[in-house]
Amino acid sequence: MATKFYVEDLAQHVGEEVTLQGWLYNKRSGGKIKFPILRDGTGLVQGVAVKSNLSEEVFNRIDQLTQESSFVMKGKVRKEDRAPGGYELDVTDIEILKIAQEYPITPKEHGVEFLMDRRHLWLRSSRQHAILRIRHQIIKSIRDFFDGRGFTLVDSPIFTPAACEGTSTLFETEYFDLGKAYLTQSGQLYAEAAAMALGKVYTFGPTFRAEKSKTRRHLTEFWMVEPEVAFNDLNDNMDLAEDFLVYIVQSVLKNRSAELKTLERNTAFLERVQKPLPRISYDEAVDILHKKGLPFEWGNDLGGTDETVISEQFDRPLMVHRYPAEVKAFYMKRDPQNPKVALAVDVLAPEGYGEIIGGSQREDDLDLLLQRIKEHDLPQSAFEWYLDLRRYGSVPHAGFGLGVERTVSWICGLDHLREAIPFARMIYRLTP
RNA sequence: UCCGCGAUAGCUCAAUGGUAGAGCAUGCGGCUGUUAACCGCAGGGUUGCAGGUUCGAGUCCUGCUCGCGGAGCCA
């Protein structure tokens with residue numbers, strides 16, 4: 001079988017005749033010269049077909065190619081500074097595979113609704129291609145980071161018997177004779193159990209929120225990675241989150257610069273993502289809001305605009321720790337120095353992208369945890385297994401969750417989360 | 001759930017209450033270096049749905065449907 005050639009490898013084949021398989025991205029023509037642009041999933045390359053170098057049949061065949069028709073293009077690779085990718089193919093042969101019907105997504109602009117209805121086709125355009133490749137790089141970096149530090153991947157269940165945090169609205173489904181089951185909103189409680197077994201673990205999977213959110217920062221189905229480490233306290237947790245974020249961003253800069261360029265992403269903010277990331281307390285965050293003249297009452301959670309105002313004071317992601325315990329989940333440990341605040345930490349991305357990480361040191365005392373479950377009016381029976389983790393050799397431990405789509409959205413500089421995932425699920429969108 | 005905005009050709013958008021139009025896409029023709037190529041010609045419309053006001057409604061009013069943005073919730 002002949003060697004397969006791909007557009008992204010053409011630089012290594014200058015002067016050689018290669019055969020590429022792909023789809024017609026666009027074409028332009030003069031009377032005696034035609035420029036078919038081939039897209040093969042790894043990149044774009046423009047073919048240069050000159051009438052005098054080809055049989056009339058092959059030359060005219062190019063006219064039949066409609067946008068997105070599949071075809072084989074054979075030609076000699078030539079370095080060409082005028083070409084966007086730096087290389088062109090002097091065409092020696094064209095073979096048509098399948099002529100495409102009239103393609104709905106033209107090289108001109110379209111509305112978001114139209115494109116989302118054709119998401120399965122929209123993925124072929126270069127902007128979406130770049131986003132998906134960066135998403136892949138981010139996911140790979142996440143796994144490489146934890147795998148390289150001795151973490152074990154432990155998958156948590158999607159069906160759960162009860163709300164994890166008791167706050168947000170969950171998707172409900174009938175589960176045989178066992179009553180109702182819910183789609184998970186977090187793998188964290190299971191990650192805690194796994195951390196007691198394996199020390200350093202992470203879960204990585206889809207999570208679901210049935211909130212009727214209609215904003216550019218929300219999806220009903222999104223991916224989250226949640227590390228959990230036995231014997232880590234809040235500071236260890238922040239150290240881990242810091243190393244983690246720096247690793248992800250730097251690996252995208254290093255490996256996906258072409259895609260960032262396609263997206264016209266200003267990488268100045270990304271290049272500044274280096275240790276140390278600033279760490280401020282909730283109290284200090286409130287001071288910033290007050291100095292900016294915003295009315296804000298101690299004890300409330302930070303809203304979207306509050307987060308933006310605070311993050312604008314810094315040139316890189318920042319950590320806000322020690323939130324009022326009242327606004328945080330029941331399992332978060334209180335600060336021994338000040339029981340009014342929880343040992344929680346959120347990481348706010350710059351440029352108004354908001355919260356990309358939320359985490360905490362967990363409550364490891366059985367009696368206090370029981371008390372919190374009562375205070376939050378949660379069914380204790382559903383949490384007995386979770387309480388067992390405090391009954392049998394409880395230790396301090398901490399972890400956090402990172403939202404993959406929000407991270408993709410920030411790193412790519414997107415204005416909506418729906419472009420950060422191949423097939424977005426939102427309140428008014430279940431297809432394609 | 002609440003607040004605001006919108007729906008006109010396949011797509012993106014115009015149209016003082018007075019003959020519904022442009023660019024792109026599609027088809028045909030032209031061009032040997034095009035870069036969202038360009039030039040010429042052609043086809044293409046139940047103005048979201050249902051009422052109302054008016055001599056006359058894409059335009060004004062009422063209701064509905066669908067969508068978009070924001071708040072709340074959070075990753």
Side-chain angles (χ1 to χ4, degrees), chain A residues 25-37 44-54 59 63 66-68 78 80-85 88 90 100-118 122 125-127 164-170 184-188 204-226 300-308 327-329 346-349 353-359 400-410 415-418 420-421 426-429:
Chain A
Y25 191 73
N26 198 1
K27 71 180 173 190
R28 304 179 191 92
S29 66
K32 290 167 186 162
I33 186 167
K34 297 185 197 297
F35 302 99
I37 299 175
L44 300 175
V45 67
Q46 175 167 275
V48 182
V50 178
K51 188 171 185 177
S52 54
N53 298 342
L54 295 166
F59 187 71
D63 292 336
T66 54
Q67 194 186 352
E68 289 302 321
R78 178 168 44 76
E80 171 58 69
D81 293 334
R82 284 174 290 186
E88 281 188 343
D90 285 322
Q101 297 178 23
E102 188 176 333
Y103 193 65
I105 301 176
T106 69
K108 288 281 179 176
E109 63 199 56
H110 298 281
V112 172
E113 191 188 348
F114 178 84
L115 291 168
M116 284 302 288
D117 282 342
R118 292 156 187 79
W122 191 19
S125 60
S126 51
R127 180 181 159 80
C164 169
E165 306 182 5
T167 49
S168 51
T169 320
L170 304 186
T184 185
Q185 63 164 327
S186 165
Q188 185 211 309
F204 197 170
T207 49
F208 308 87
R209 304 280 165 91
E211 298 288 346
K212 292 190 171 178
S213 300
K214 289 175 66 176
T215 82
R216 65 182 75 189
R217 300 186 310 280
H218 291 87
L219 298 169
T220 54
E221 176 183 315
F222 64 97
W223 286 69
M224 188 154 67
V225 58
E226 296 171 282
N300 291 338
D301 204 353
L302 300 175
T305 44
D306 303 322
E307 289 178 352
T308 303
V327 300
K328 288 295 182 183
D346 284 355
V347 178
L348 308 182
Y353 281 94
E355 187 182 344
I356 51 172
I357 283 180
F400 59 82
L402 171 118
V404 170
E405 287 75 19
R406 284 192 182 173
T407 304
V408 172
S409 186
W410 162 53
D415 61 11
H416 202 300
L417 224 46
R418 66 188 152 214
I421 186 168
M426 297 177 292
I427 175 169
Y428 291 127
R429 178 164 299 280

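In the text below, chain A, chain B and the rest are named by the order of the sequence lines, each starting its count at 1. Everything quoted here is computed from the prediction, not taken from an experiment. The analysis underlying the following values was restricted to heavy atoms, covering all of them including side chains, and did not include hydrogens, waters or symmetry mates.
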Indicate, with a heavy-atom threshold strictly under 4.0 Å, whether A:Arg429 touches base, sugar-phosphate, or nothing. nothing
Closest approach of A:Lys27 to A:Pro36 (non-hydrogen atoms, all atoms of both residues): CB-CA, 4.1 Å
Per-nucleotide protein contact string for nucleotides 24-31 of chain B, where B marks a base within reach and S marks sugar-phosphate only (heavy atoms under 4.0 Å, - for neither): SSS----B
Need one value for A:Ile105: base, sugar-phosphate or nothing, where a base atom within 4.0 Å counts as base even if backbone is also close, heavy atoms only. nothing
With respect to the side chain of A:Arg28, which nucleotide from B:rG69, B:rU12, B:rA36 is positioned closest? B:rA36
Does A:Lys34 qualify as a cation-pi partner of A:Phe59, given the criterion of NZ or CZ under 6.0 Å from the six-membered ring centre and within 45 degrees of its axis? yes
If you measure only the distance, is there a donor-acceptor pair under 3.5 Å linking the side chains of A:Tyr25 and A:Ser126? yes
Presence of A:Arg209 side-chain N/O under 4.0 Å of B:rC73 phosphate oxygens OP1/OP2: no
Side-chain H-bond candidate by donor/acceptor type, A:Glu226 with A:Ser186, under 3.5 Å: yes
Taking B:rC74, B:rG69, B:rA75 as options, the one with an atom nearest any side-chain atom of A:Arg217 is B:rC74
Rounded to the nearest angstrom, tell me the gap between atom NE2 in A:His110 and atom C1' in B:rA36. 10 Å
From B:rG33, B:rA71, B:rC74, nucleotide with atom closest to A:Val48 side chain: B:rG33
A:Phe114, nearest nucleotide to its side chain (from B:rC11, B:rG33, B:rA75): B:rC11
If we call it a pair only when both distances are under 3.5 Å in a Watson-Crick or G-U wobble match, what pairs with B:rA57? none
Just the rounded figure in Å: distance from P of B:rC74 to CG of A:Leu348. 14 Å
Nearest non-hydrogen partners of A:Ala49 and A:Leu54, listed with the distance: CB-CD1, 3.7 Å
Could you state the atom-to-atom distance from CE of A:Met224 to P of B:rC73 in whole Å? 17 Å
note: A:Glu113, atom CD; B:rG69, atom P; distance rounded to Å ~ 10 Å
Please tell me which of A:Leu417 and A:Met426 maps to the more 5' nucleotide of RNA chain B, matching each residue to the nucleotide holding its nearest heavy atom. A:Met426
Does A:Gln101 reach a base, just sugar-phosphate, or nothing at all? Heavy atoms under 4.0 Å. nothing
Under 4.0 Å between any heavy atoms, over every strand shown, what does A:Arg127 touch: base, sugar-phosphate, or nothing? Just pick one. nothing
Starting from C1' on B:rA75, measure out to CD1 on A:Ile421 and report it in whole angstrom. 12 Å
Can you find an N or O donor on one side and an acceptor on the other, under 3.5 Å apart, linking the side chain of A:Arg406 with the base of B:rC74? yes
Send over the distance from A:Leu302 CG to B:rG72 P, rounded to a whole Å. 11 Å
Give the rounded distance in Å between these two atoms: CD1 of A:Ile427 and C1' of B:rA71. 14 Å
Could a donor-acceptor pair under 3.5 angstrom be found where the side chain of A:Glu88 meets the base of B:rG33? yes
Who does B:rG4 pair with, Watson-Crick or G-U, both distances under 3.5 Å? B:rC68
Both distances below 3.5 Å, Watson-Crick or wobble geometry, any strand: find the nucleotide opposite B:rA25. none
A:Arg406 side, atom CZ; A:Ile356 side, atom CD1 - distance, nearest 0.5 Å: 9.5 Å
Which distance, rounded to the nearest 0.5 Å, do you find between the CG of A:Leu417 and the CZ of A:Phe222? 9.0 Å
Whole-angstrom distance between B:rU19 and B:rA25, as gauged at atom C1': 27 Å
Under a 3.5 Å limit for both distances, which nucleotide forms a Watson-Crick or G-U wobble pair with B:rU19, could you say? none
Toward the 5' end of RNA chain B, by each residue's nearest nucleotide, A:Asn26 or A:Thr220: A:Asn26
Is the aromatic ring of A:Phe35 within stacking range of B:rG33, meaning centres under 5.5 angstrom and planes under 30 degrees? no
Side-chain heavy-atom pair A:Tyr103, A:Ile105 within 4.5 angstrom cut-off: yes
Where the side chain of A:Phe222 is concerned, which of B:rC74, B:rG33, B:rA75 is the nearest nucleotide? B:rA75
Please work out if A:Ile37 contacts a base, only the sugar-phosphate, or nothing of the nucleic acid, heavy-atom cut-off 4.0 Å. nothing
Does a side-chain N-to-carboxylate-O contact under 4.0 Å join A:Arg209 and A:Glu211? no
Measure the distance from CD on A:Glu307 to P on B:rA75 and round it to the nearest whole Å. 10 Å
